[in-house]
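Okay, structure first, notes after.
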Amino acid sequence: MINFFGGREILSPPALNDYKSTSSPRSRMEGGLRTRGMFHKKTEQGKPLVSIITVVRNGEKYLEHTIQNVIHQTYDNIEYIVIDGGSTDGTLDIIRKNDNKVAYWLSEPDEGISDAFNKGISLASGDIIGIINADDWYEVDTVGNVVKRFSECKADVVHGIIIYGDVLIYPDERMLIYEMAINHPTVFVTHRSYLKLGLFRKDFRYAMDYDWILRAKSAGLTFSFIDKCLANMRQGGVSDRQWRMAVQEVLKAQNVHYPDRFLFNYLFFTFQIIKGTFRRLFEKIGLRKVVQLYHSYISIVKKKRVDSRASCNNNDQYIN
């Protein structure tokens, strides 16, 4: 298939087995309980095994917090996998420090975030898979709430609210035709869904999650929303730093999945670029109030201001 944005060919998504058959390069380092035959968790009656994947490269600043957050979840049947892209800072020291708490970790150069995600998914043996980046973290009962929801319905994808900085962001599946209106750090997917649809396209470096979600919607996968804060996301991630490239890839995904909306896709892309430029300008010159008003009355997805971390799941104060 040809992508109208840039005229480049869109790569097909790799299949799960494509990664399982990949040979290990000499530069690979690995560890964790699995490598020593000490990890024996598996799915039990009413207690599915959940695989949590963290991808990282030079993330020593926050990785320890993310690791501790995962291993101290209230739900204890978790397989934790850490994929490092060949870090040159203290990241590997942190991973090795937690070697007896992580099911499996590996460190080797990769081809970007999509490639790292795919490696983690291919190594996962859980029935349910969640991905949390090295500068994000879950609420302490997130995995337990997700497992409960999967047990209550036959969903393929479960997701919820995220807190980004000091703002709660509510997902809205109806708005996916416009942008990534689901919070990917809160997303949990069944293993069978990745088996059915394939993994993340490696030609997407910023909006690979949006492309996969659109693929899931097009395939008729069932989504279930949990009306709780499930994850927390720090500001300043790669999609923030490279926001223009991220918006371009959103357009690329839309043109792949909604080619009949080609003109509208471009118009909305233009709007997003203008909005993003002015938002950052207003924040830079101290007009944050204008940005807050936009979030309150114009933003595609619902957002609320939170005054403290303690109020994450019960704050009803709209941004004003």
Using ring pair (Phe, Tyr, Trp, His ring centres under 6.0 Å) as the criterion, list what pairs up with [X], not counting sequence neighbours.
| X | answer |
| --- | --- |
| Tyr75 | none |
| His72 | none |
| Phe264 | Tyr178 |

For this session: Using the test salt bridge (Lys or Arg N to Asp or Glu O under 4.0 Å), find all partners of Asp115 that sit at least two apart in sequence or belong to another chain.
Result: Lys119

Partner set under side chain to side chain contact (heavy atoms under 4.5 Å, CB included) for [X], not counting sequence neighbours:
| X | answer |
| --- | --- |
| His191 | Leu16, Ile129 |
| Val250 | Ala207, Tyr210, Gln254 |
| Ser87 | Arg57, Asn58, Asp84, Asp89, Thr91 |

For this session: Run the salt-bridge test on Arg201 and Asp211 with the 4.0 Å N-O cut-off and return the result as yes or no.
Result: yes

Those residues that, when tested against [X], pass side-chain hydrogen bond (donor to acceptor under 3.5 Å, both in side chains) (two or more places apart):
| X | result |
| --- | --- |
| Arg34 | Glu79 |
| Asp93 | none |
| Tyr138 | none |
| Tyr104 | Glu30 |

For this session: Kindly state whether the ring of Phe225 and the ring of His159 have centres lying under 6.0 angstrom apart.
Result: yes

Exercise. Do the two ring centres, one from Phe204 and one from Trp212, sit under 6.0 Å apart?
Worked result: no

Exercise. Think Lys217 forms a cation-pi with Phe223, using NZ or CZ under 6.0 Å from the six-ring centre and within 45 degrees of its axis?
Worked result: yes

Please set out all donor-acceptor pairs under 3.5 angstrom arising from side-chain atoms of residues 42-49, sequence neighbours excluded.
unit_1, atom_1, unit_2, atom_2, d
Thr43, OG1, Leu49, N, 3.0
Thr43, OG1, Asp127, OD2, 2.2
Lys47, NZ, Asp76, OD1, 2.7

Exercise. Between Tyr170 and Asn183, what is the shortest heavy-atom contact and its length?
Worked result: C-ND2, 4.4 Å

